[in-house]
Amino acid sequence: MWRRAVSSWLANAPSHPATEIPSPRGLPIIGTTLDLIAAGGAPRLHEYVDARHRQLGPIYRESIGPVNGVFVADPNEMRRVFTLEGKYPKHILPDAWVLYNKMYGSKRGLFFMNGEEWLHFRRIMNRHWLMPGSGYEVIGPCDFVATELVDRWTRKYNGREVIGLESELYRWAIKITVAVLMGDKYSKNQQRIEDMVEHFTSFIRLIFQESARLSLIPATVAEFLKIPAWRNFVSAVDEALAVANSLISVLMPECQNGEGLLGALLAEEIEHNDVVRIMVDLCIAAGDTIASSIQWMMYLLARNPDLQDELNAELLEVHRPEDIVQLPLVRGTMREALRLYPVAPFLSRYMPEDSMIGGYRVPSGDLILLSIYTSGHDARNFPEPDRFWPQRWTRDADGNYKGVSNPFASLPFAMGARSCIGRRIAETQLTLTVAKVIQKFKLELIEKKPVDMMLRLVAVPSRPVRLWLTER
Ligand code: HEM
């Protein structure tokens with residue numbers, strides 16, 4: 001009711017100039033950066049912005065560090081932003097990466113492309129990667145790596161704590177992505193590429209750690225002062241790109257006959273270098289996002305033993321991987337984890353033209369930041385928003401979600417032409433692996449104290465999740 005009232009107010013409100021968008025008071029040059037530092041710094045940005053929305057409303061403007069943007073938390077206005085994003089949607093890029101690419105002449109994959117170049121490659125990728133039934137096998141490779149993880153944990157951690165859960169899941173994330181890229185060829189080659197995957201995994205973790213340290217300092221300043229975080233970031237990116245390039249070069253000849261998603265891309269008329277840079281960036285994009293999401297899923301399940309039993313009971317009836325990934329409760333668990341802990345708590349678009357957002361005329365070129373952490377935790381969109389309740393995503397007899405008032409308030413993969421290209425793959429990887437783990441083990445937390453979410457470029461647990469496994 002209240003939500004509808006706010007939305008209709010936003011839609012019908014008379015237009016106001018952008019200068020009237022509510023804004024907190026800040027200092028010249030640094031804006032409100034000091035307020036953010038007092039609130040816990042960049043790792044707590046999602047909570048800081050959430051508090052600002054409560055203070056200033058569903059749309060407000062703020063300059064934080066090098067970023068000046070209009071923050072939007074109303075789901076209907078968020079949808080509008082995607083309808084106004086234009087032919088070549090443009091999102092914000094991490095400052096440190098952009099400077100690195102410029103300084104070292106590094107040509108990068110889809111996430112970093114813009115304009116015609118982006119559209120050209122995105123269309124090719126959409127054809128193969130997003131369309132259901134595009135024919136490329138995702139389930140088989142995901143099933144193979146998920147089974148491998150469960151077997152490894154049975155040998156090493158049954159009746160024990162999983163040592164280094166984060167590293168275990170990072171390794172799983174990279175492996176499962178490489179497996180999807182290689183298709184059937186993965187199982188035959190996995191020993192050969194094991195070391196490269198291991199190295200790549202450790203450099204990717206390092207990159208994310210260091211780039212988070214750089215998030216409040218303009219990259220040009222960090223580079224000029226040669227602060228340790230910048231130097232470490234550069235060497236981790238150098239190493240990761242070098243290992244990833246070698247990895248893709250090893251995989252390419254194996255997939256020449258169309259195997260896996262890599263084979264599909266090779267069959268297109270794309271230059272070798274372009275295939276390599278697209279693939280390298282896919283591995284980078286996949287690693288942190290799915291490793292973090294699966295940690296949250298396991299953390300939430302470990303806190304809810306009854307749900308684990310309920311899931312296991314449902315899984316007793318279903319055997320084929322393609323049916324497991326469709327189970328409403330398995331999918332609900334994933335959607336709920338991504339609602340509570342969205343890997344990317346802010347989505348961004350530069351408006352291509354002057355646009356009406358929330359009753360304000362936002363000029364072309366302005367940066368809009370969609371606060372999906374806030375909209376996902378808002379009681380107007382999700383009753384009892386802090387409760388982990390996977391069944392809310394299942395439907396009642398009338399076809400309505402049981403506990404979701406506005407599904408557009410949780411957009412972990414974004415929307416529109418530039419939404420996550422790996423969504424279908426990620427969903428298969430997460431649901432299948434979690435289902436297999438639950439079929440085999442009961443999960444318990446060793447430390448019961450709640451774990452917070454913090455931003456390290458993507459949202460991750462603020463301290464290690466310590467998991468105890470007991471075979472069912
Ligand atoms: C839970 C896991 C994941 C989440 C929550 C996630 C989320 C996102 C989001 C929010 C974006 C930005 C979209 C935008 O600006 O509108 C994005 C882009 C992207 N994602 Fe994912 N992602 C996940 C997994 C993956 C995986 C597994 C892959 C690769 C296999 C991948 C590859 C990409 C790429 C290449 C882009 C850039 C797309 C473009 O600019 O056209 N992601 N993702």
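First listed ligand is number 1; within each ligand, the first listed atom is number 1.
- The protein heavy-atom contact nearest to atom 27 (C) of ligand 1 is A286 CB, 3.5 Å.
- Residue contacts with ligand 1 do not include M113, since none of its heavy atoms lies under 4.0 Å from the ligand.
- In this structure, of L110, L181, I290, the residue bringing a heavy atom nearest to atom 2 (C) of ligand 1 is I290.
- The shell of residues lying under 4.0 angstrom from ligand 1, judged by heavy atoms, excludes F112.
- Per-residue contacts place A414 under 4.0 angstrom from the following atoms of ligand 1 (heavy atoms of the residue considered): 13 (C), 14 (C), 16 (O).
- For atom 38 (C) of ligand 1, the closest non-hydrogen atom on the protein side is R122 NH1, 3.5 Å.
- For ligand 1 and P412, the ligand atoms under 4.0 Å from any heavy atom of the residue are 5 (C), 7 (C), 10 (C).
- By the 4.0 Å N-to-carboxylate-O rule, D281 lies too far from R277 to be salt-bridged with it.
- Side-chain contact annotation: N76 with R79, donor-acceptor N/O pair under 3.5 Å absent.
- R361 places no side-chain N or O within donor-acceptor distance of the main-chain N or O of A18, the cut-off being under 3.5 Å.
- Counting only heavy atoms of the protein, atom 4 (C) of ligand 1 lies nearest to F413 CE2, 3.5 Å.
- Few gaps surround NZ on K402; more than 12 heavy atoms of other groups in view lie less than 6.0 Å from it.
- Considering each of E85, R418, R423, the one bringing a non-hydrogen atom nearest atom 14 (C) of ligand 1 is R418.
- Shortest contact from atom 24 (C) of ligand 1 to any protein heavy atom: T289 OG1, 3.3 Å.
- Taking CG of L411 as the start and SG of C420 as the end, the distance is 12.5 Å to the nearest 0.5 Å.
- Judged by the 6.0 Å distance and 45° axis criteria, R392 is not positioned over the aromatic ring of Y401.
- Between F71 and F346, the ring planes lie perpendicular to each other; the angle is over 60°, past the 30° to 60° tilted range.
- Atom 34 (C) of ligand 1 has as its closest protein heavy atom I421 CG2, 3.5 Å.
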>> Show, in sequence, the C-alpha distance, side-chain angles and deciding distance for F111 and H91, and conclude whether the ring pair (Phe, Tyr, Trp, His ring centres under 6.0 Å) test is met.
In response: CA-CA 9 Å; F111 188 80; H91 51 210; 4.3 Å; yes

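- Here is the list of ligand 1 atoms found below 4.0 Å of a heavy atom in L347: 10 (C).
- Of all the listed residues (F121, W118, F82, F111), F111 holds the heavy atom that lies closest to atom 37 (C) of ligand 1.
- The shortest contact between atom 16 (O) of ligand 1 and any protein heavy atom is with R349 NH2, 2.5 Å.
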>> Could you walk me through whether I421 and L282 satisfy the side chain to side chain contact (heavy atoms under 4.5 Å, CB included) test, starting with their C-alpha distance in whole Å, then the side-chain angles of each, then the deciding distance to 0.1 Å, before giving a yes or no?
In response: CA-CA 9 Å; I421 188 91; L282 282 175; 4.2 Å; yes

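- Of all the atoms in ligand 1, the ones that sit under 4.0 Å from a non-hydrogen atom of L282 are 29 (C), 35 (C).
- Annotation: atom 42 (N) of ligand 1 to nearest protein heavy atom, C420 SG, 3.1 Å.
- Side-chain atoms of H120 never come within 3.5 Å of backbone atoms of E116 as a donor-acceptor pair (strictly under, hydrogens ignored).
- Taking the six-membered ring where the residue is Trp, the centroids of F382 and W389 are separated by 6.0 Å or more.
- If you check each of G422, A417, G416 against atom 28 (C) of ligand 1, the one with the closest non-hydrogen atom is G422.
- At the shortest separation from atom 1 (C) of ligand 1 among protein heavy atoms lies S293 OG, 3.2 Å.
- Against a heavy-atom cut-off of under 4.0 Å, H91 is close to the following atoms of ligand 1: 14 (C), 15 (O), 40 (O).
- Atoms of ligand 1 found under 4.0 Å from any heavy atom of A285, numbered from 1 in the order shown, are 31 (C), 32 (C), 33 (C).
- The aromatic rings of Y104 and Y100 lie tilted to each other, with the angle between the two planes from 30° to 60°.
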